[in-house]
Amino acid sequence: MLKSKRIIPVAFALICLLAACKQKTEIPADLKMKVFIDGLMRKMTLQEKIGQLNLPGSGDIVTGQTTNSDIGKKIKEGNVGGLLNIKSVEKIRDVQKVAVEESRLGIPLIFGMDVIHGYETTFPIPLGLASSFDMQLIRQSARIAATEASADGICWTFSPMVDIARDPRWGRIAEGAGEDAYLGSRVAEAFVKGYQGDDLSKNNTIMACMKHYALYGAAEAGRDYNTTDMSRIRMYNEYLPPYHAAVKAGVGSAMSSFNEIDGIPASANRWLMTEVLRNQWGFQGFVLTDFTAINEMVDHGIGDLQTVSALALHAGTDMDMVGEGYLTTLETSLKEGRITEAEINLACRRILEAKYKLGLFDDPYRYCDLNRPKTDISTPENKKAARDFASQTFVLLKNENQLLPLQPKGKIALIGPLADNRDNMAGMWSVAVDHKQSVTVLEGFKEAAGDQAEIMYAKGSNIVDDPELDQRINYGPPGVDPNKTPQQLREEAVSLASGCDVVVAVMGEAAEMSGECSSRSDISLPGSQEELLKALVKTGKPVVLVLFTGRPLTINWEQQNIPAILNVWFGGTEAGHAIADVVFGKVNPSGKLPVTFPQNVGQIPIYYNHKNTGRPLPDGEWFQKFLSNYLDVTNDPLYPFGFGLSYTTFTYGDLVMDKSQLSSNKILKVSIDVTNSGKYDGAEVVQLYIRDLVGSITRPVKELKGFQKVFLKAGETRTVSFTITPEDLKFYNYDLVYDWEPGDFMIMIGGNSRDVKEGMVNWMK
Ligand code: BGC
C-alpha cells in the first residue's frame with residue numbers, strides 16, 4: 001500500500017512528461033523539476049536526506065584544504081545542505097568541489113550570507129533605504145548587492161528583514177523598514193525583486209530570504225530575543241503584511257524568528273509555518289531557522305533537543321541553521337514514530353528545489369567564476385550608485401533660517417567622534433564590507449570644499465566614554481581615546497570651533513549600537529556628546545548636527561537648541577561623499593522618516609497609526625484629566641512618521657476628489673496640487689492616508705495607503721493623483737476575514753503623517 005502510494009505520483013509525472021513530449025510541447029518547468037528531484041531522492045539514503053536539512057557553521061575554511069577539514073569530512077558524508085557567511089569565491093569554489101566530487105551523490109551546496117544592505121559596496125542601512133521612499137532605488141541597491149555577492153560565490157542572502165518595529169530601543173529596528181505595514185510591504189517587494197531578478201538561475205541573481213518570520217520586531221521592552229505576544233487582529237493587520245508581500249513577490253526562502261508566538265517559538269509553530277505561510281499564503285519556498293533557533297527552544301522550555309527538533313520539522317521548518325538538532329536527532333525520532341518519513345522528504349525536497357531553481361544542478365559552479373570579482377565588485381558605477389542612493393536617504397529634521405546648505409567657503413569646523421571614523425561608516429551587518437574602502441565625512445568634506453574652504457577637524461569626544469560599554473559596541477579597536485580625557489577632547493574642539501565660521505558636529509551612535517543584540521534603554525546621544533554639543537553652541541558659532549543613528553533617538557535638547565539637524569542613519573561605504581553632497585547643497589535632501597521619533601523613552605511604543613481609544617486627546621492639546629495622555633509629556637512625537645524637510649518648501653493645495661459618494665467596486669480619484677514654493681529644485685514624498693471612521697472592529701486614526709515621490713523644479717506645480725479602490729479599504733475583521741466595510745472614510749494627503757489636507761467620502765457596498 002505504502003509503496004504504491006509513492007509510485008503513483010512518479011508514474012503520473014512520467015505519463016505527463018511522455019504526453020508532453022509526444023505533443024512536442026514545452027515541458028512545464030515545475031514538472032521537469034519534479035521529475036529530476038524525484039529521481040534524485042530515490043537514490044538518497046535517509047541520512048543523506050537529513051544532511052540536506054543541515055546548515056552548519058562553516059568552521060575555519062582555508063582554500064585548498066577543505067577536503068581535510070572537519071567541515072570537509074561532513075560534506076563528503078552527505079551531512080551538509082549548505083554553508084553560511086563564507087567570503088571569497090575561491091573558498092566557495094573549493095568547498096563546492098568537495099561536495100560535488102567527493103560526496104556520494106555530488107549534490108551541490110547552497111551558500112548563504114547576510115548581504116543586508118550591499119556587499120562590498122555598502123548602501124545605507126535598511127531603515128535608511130526605507131527613508132528614501134523610492135522603491136526603484138531600493139530594488140536597484142538589492143540588484144547591485146546581488147551582482148556583487150554572486151560574483152563572489154554567494155547564491156542566497158538572508159535578507160530582507162521585514163519585521164515591523166515600533167520600539168526604537170530594539171537595535172534591529174535598523175535592519176527593517178520601520179513601523180508601517182504598507183511601506184514595509186512595498187520595501188519587502190523591492191528587495192525581493194532586486195535580489196532575485198526575473199530568473200533565479202542567472203548567475204547574477206540570488207535567492208532572497210524574508211526574515212524573521214514572524215513578529216520578531218515586537219520583542220517586549222525592545223530587548224532582543226524577548227517574548228512577543230499580540231492579538232491575531234494586530235498580527236494580520238499590522239505585523240504580517242510585509243511577510244505576506246514578500247511571499248507574493250516570490251521570495252525563495254523564509255527564516256523563522258527567535259521569539260515565541262502564542263507561547264510556541266516560531267520554529268516549532270505549525271500554525272505559523274504551515275497554516276499561515278503555506279496554506280493561507282501559498283508560499284512555495286523553504287523555511288530555515290535562525291541561528292541555533294531549534295536548540296534555543298530547549299531554553300524556551302518546550303522540550304529537549306530531540307523533542308524540539310521533531311516539533312520544528314513537524315511545524316514545517318525545513319532547514320536547521322548551525323545547531324545540528326536535525327542532524328543528530330531526526331533519525332531516532334523517525335524510529336520512535338515521533339515524525340514521519342514524509343515530513344523529512346518534504347523538507348529535503350524543498351531544499352533541493354531551491355538548489356534546482358538556482359541552477360546548481362545544471363552547473364554547481366554557476367556562481368564560482370573566478371574572474372567575476374575583478375569586474376563586478378566595488379566597481380566605479382556601484383560606488384557612484386552607493387553615493388547617489390545614500391544622499392537620497394538622509395532626513396533633514398530641522399533647518400532654521402536655512403542654515404543648510406553650507407557654502408564651501410571660510411573655515412568650517414568638522415567636529416565629533418564620527419567625523420573621521422572609517423569603521424563606523426558602513427553600519428551594522430556589513431559582513432562583506434572592506435572598511436578601508438569607506439569614505440569618511442572628513443574626506444568627503446575636504447574633497448567637496450577643494451581649495452574654496454578650509455576644513456578643520458577635531459574629534460571632540462568619544463562615542464561613549466565608558467570603556468566597558470565601548471567594548472560591547474566595538475568589534476574593532478577600542479573607540480575610547482586612551483590618551484585624552486573627555487574634557488580635554490572637548491576643550492580642543494571648542495577652541496578649534498571658536499576660530500571657525502561654522503561648526504558641523506558629526507555625532508551619534510557607533511555602528512554596533514544598533515543591529516542584533518544592541519538594545520538600548522536610553523536612546524539619547526551616547527556618552528558626553530551632548531555636553532560637547534552644548535559647549536559648541538556656547539561658542540556662538542552656527543552649529544549643524546549631522547546625526548548617525550540606527551534608530552530613532554530622543555533628541556529633544558538638540559531639536560530645541562541646534563539650528564540644523566541632518567539625520568544620515570549609516571550611509572554605507574560612500575557616506576562621506578554623500579553627506580558632503582547634501583551639506584553643501586549638491587543634492588537637496590528628500591528622505592522621510594519611516595518611523596516615529598519619540599520625545600522620550602516613556603512614550604514608547606509611539607506610532608502614527610494608533611487607535612483613537614475611547615478617551616482621545618484632541619489634536620494639539622496637552623493634559624486633560626481623564627483623557628488618554630501623560631502628566632509629564634505631550635502625546636506628540638518629536639518627529640512624526642513620514643516627516644522630513646527639504647532645502648526648498650512644498651505647498652499643498654486643497655484635496656480634490658472626483659466623487660464624495662460612491663458604491664461597490666467604483667474607483668475614487670483624489671488629487672492635490674503640490675508646488676515647489678522655495679528656491680531649490682527638489683523631491684517631495686506625497687503621502688496618502690485613509691481613515692475608516694466606523695468599523696466592526698476599531699480602526700487606526702490613519703493608515704498609509706500610497707505615496708509618490710515627485711521631483712519639482714523651483715516654482716513648479718504638479719497635480720499628484722491617486723486612485724483608491726475598495727482593495728485599499730480592506731482589513732482583517734474580528735473573524736480574520738479580509739474585506740472592507742461600507743461607510744465614511746477620511747482621505748488625507750500631505751508631506752508627512754501629521755500635516756495633511758483632508759476630504760470625506762461615503763462609500764457604500
Ligand atoms: C540573525 C539573522 C542572521 C543569522 C545568520 C542570526 O543571529 O538573527 O538575522 O541572518 O544570524 O548570520
Side-chain angles (χ1 to χ4, degrees), residues 85 87-88 113-132 137-138 140-142 144-149 152 154 157-161 171-176 191 377-380 382-394 416-445 463 473-477 479 506-518 526 546-551 566-582 591:
N85 289 347
K87 191 178 177 208
S88 112
M113 187 187 265
D114 290 280
V115 181
I116 306 294
H117 50 114
Y119 190 69
E120 276 192 20
T121 306
T122 306
F123 299 104
I125 56 168
L127 193 61
L129 287 171
S131 308
S132 72
L137 178 156
I138 293 174
Q140 189 55 20
S141 77
I144 293 171
T147 304
E148 289 201 359
D152 220 7
I154 299 296
T157 175
F158 306 132
S159 169
M161 182 188 110
R172 301 199 82 168
I173 198 168
E175 293 177 52
F191 268 113
I377 300 179
S378 286
T379 62
N382 293 358
K383 288 185 182 178
K384 188 174 169 303
R387 176 175 181 163
D388 176 34
F389 294 175
S391 67
Q392 312 292 319
T393 65
F394 303 158
L418 287 146
D420 186 21
N421 194 330
R422 210 174 297 288
D423 291 355
N424 276 285
M425 290 299 103
M428 48 92 238
W429 274 124
S430 303
V431 177
V433 75
D434 167 15
H435 287 299
K436 287 197 285 301
Q437 292 188 23
S438 289
V439 180
T440 66
V441 183
L442 182 58
E443 286 164 347
F445 268 47
I463 296 181
I473 59 171
N474 268 312
Y475 286 169
V506 189
M507 297 185 174
E509 297 189 307
E512 293 300 329
M513 289 179 90
S514 59
E516 188 170 354
C517 197
S518 292
V546 171
L547 185 65
F548 278 70
T549 180
R551 54 158 63 79
L566 181 70
N567 183 7
V568 297
W569 308 111
F570 286 90
T573 35
E574 291 291 311
H577 282 139
I579 291 168
D581 288 342
V582 172

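Side chains are part of it too, since the values below use all heavy atoms of this structure and drop only hydrogens, waters and symmetry mates. Note that this is a predicted model, so its numbers are computed, not measured.
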Check your understanding: Can you tell me how far the OG1 atom of Thr573 sits from the NE2 atom of His435, to the nearest 0.5 Å?
Key -> 10.5 Å
Check your understanding: Is there a side-chain contact between Val546 and Met507 (heavy atoms, below 4.5 Å)?
Key -> no
Exercise for review: Any chance you could lay out the side chain to side chain contact (heavy atoms under 4.5 Å, CB included) test for Ile116 and Phe191, step after step, and finish with the verdict?
Suggested key: CA-CA 10 Å; Ile116 306 294; Phe191 268 113; over 6 Å; no
Review point. Is Arg422 reaching over with its side chain to a backbone N or O of Ser438, donor-acceptor style, under 3.5 angstrom?
Key: yes
Review point. Distance-only, no hydrogens or angles: does the His117 side chain make a donor-acceptor pair with backbone N or O of Met428 under 3.5 Å?
Key: yes
Practice item. Could you tell me the separation between the CD1 atom of Ile463 and the CZ atom of Phe548, rounded to the nearest 0.5 Å? Key: 9.5 Å
Review point. Does any N or O in the side chain of Asn421 come within less than 3.5 Å of the main-chain N or O of Pro417, such that one atom is a donor and the other an acceptor?
Key: yes
Exercise for review: Kindly indicate, with the supporting measurements, whether the criterion side chain to side chain donor-acceptor pair (under 3.5 Å) is fulfilled by Glu512 and Asn474.
Suggested key: CA-CA 6 Å; Glu512 293 300 329; Asn474 268 312; over 6 Å; no
Point to revise | Donor-acceptor contact below 3.5 Å, side chain Gln437 vs main chain Asp434 | key: no
Check your understanding: Just by modelled atom types, is the Asn382 backbone N or O under 3.5 Å from a matching donor or acceptor in the Thr379 side chain?
Key -> yes
Review point. Taking all atoms of both residues into account, what is the closest heavy-atom pair of Ser514 and Gly550, and its distance?
Key: OG-CA, 3.5 Å
Revision key, fill the gap. Taken to the nearest 0.5 Å, the spacing of Asp423 CG from Ser430 OG works out to 10.5 Å
Exercise for review: Please round to the nearest 0.5 Å and tell me the distance separating atom CG of Leu129 and atom CD1 of Ile138.
Suggested key: 5.5 Å
**Study point:** Stepwise side chain to side chain contact (heavy atoms under 4.5 Å, CB included) check, Thr147 with Tyr119
**Key:** CA-CA 9 Å; Thr147 304; Tyr119 190 69; over 6 Å; no
Check your understanding: Hey, does the side chain of Asn85 reach the backbone of Asp114 with a donor-acceptor pair shorter than 3.5 angstrom?
Key -> yes
Exercise for review: Sequence neighbours left out, what passes ring pair (Phe, Tyr, Trp, His ring centres under 6.0 Å) with Phe123? Give chain and number order.
Suggested key: Phe389
Check your understanding: What pair of heavy atoms forms the shortest contact from Ala426 to Val433, and how long is it?
Key -> CB-CG2, 4.0 Å
Check your understanding: Under 4.5 Å between any side-chain heavy atoms of Met425 and Val439, yes or no?
Key -> no
Check your understanding: Can you find a heavy atom in the side chain of Trp429 that is under 4.5 Å from one in the side chain of Met161?
Key -> no
Exercise for review: Considering non-hydrogen atoms only, spot the tightest contact between Ala145 and Val115 and give its length.
Suggested key: CB-CG1, 3.9 Å
Review point. Checking Thr393 side chain against Ser391 main chain: does a donor-acceptor pair fall under 3.5 Å?
Key: no
Check your understanding: Which heavy atom in Ala386 sits nearest to a heavy atom in Thr122, and how many Å separate them?
Key -> CB-O, 4.1 Å
Point to revise | Closest non-hydrogen atom pair, Phe570 against Glu509 | key: CZ-O, 3.2 Å
Practice item. Test salt bridge (charged side-chain N to carboxylate O under 4.0 Å, His left out) on Glu120 and Lys383 and set out the steps. Key: CA-CA 10 Å; Glu120 276 192 20; Lys383 288 185 182 178; over 6 Å; no
Check your understanding: How about Arg172 and Arg551: do any of their side-chain heavy atoms sit closer than 4.5 Å?
Key -> no
Study note, to complete from the structure: Closest non-hydrogen atoms of Gly508 and Leu418, given as atom of the first, atom of the second and distance, are N-CD1, 3.5 Å
**Study point:** Side chains of Val568 and Leu547 in contact at under 4.5 Å (non-hydrogen atoms)
**Key:** no
Review point. When you measure from the side chain of Asn424 to the backbone N and O of Ala511, does any donor-acceptor pair fall under 3.5 Å?
Key: yes
Check your understanding: Should Thr549 and Asn567 count as side-chain neighbours, where that means a heavy-atom distance under 4.5 Å?
Key -> yes
Exercise for review: Answer yes or no: is there a side-chain heavy-atom contact under 4.5 Å between Glu175 and Leu127?
Suggested key: no
Check your understanding: Is there side-chain contact between Ser131 and Trp569, with at least one heavy-atom pair below 4.5 Å?
Key -> yes
Exercise for review: Report the C-alpha distance between Glu148 and Thr121 in whole Å, list the side-chain angles of each, state the deciding distance to 0.1 Å, and finish with yes or no for side chain to side chain donor-acceptor pair (under 3.5 Å).
Suggested key: CA-CA 8 Å; Glu148 289 201 359; Thr121 306; 2.5 Å; yes
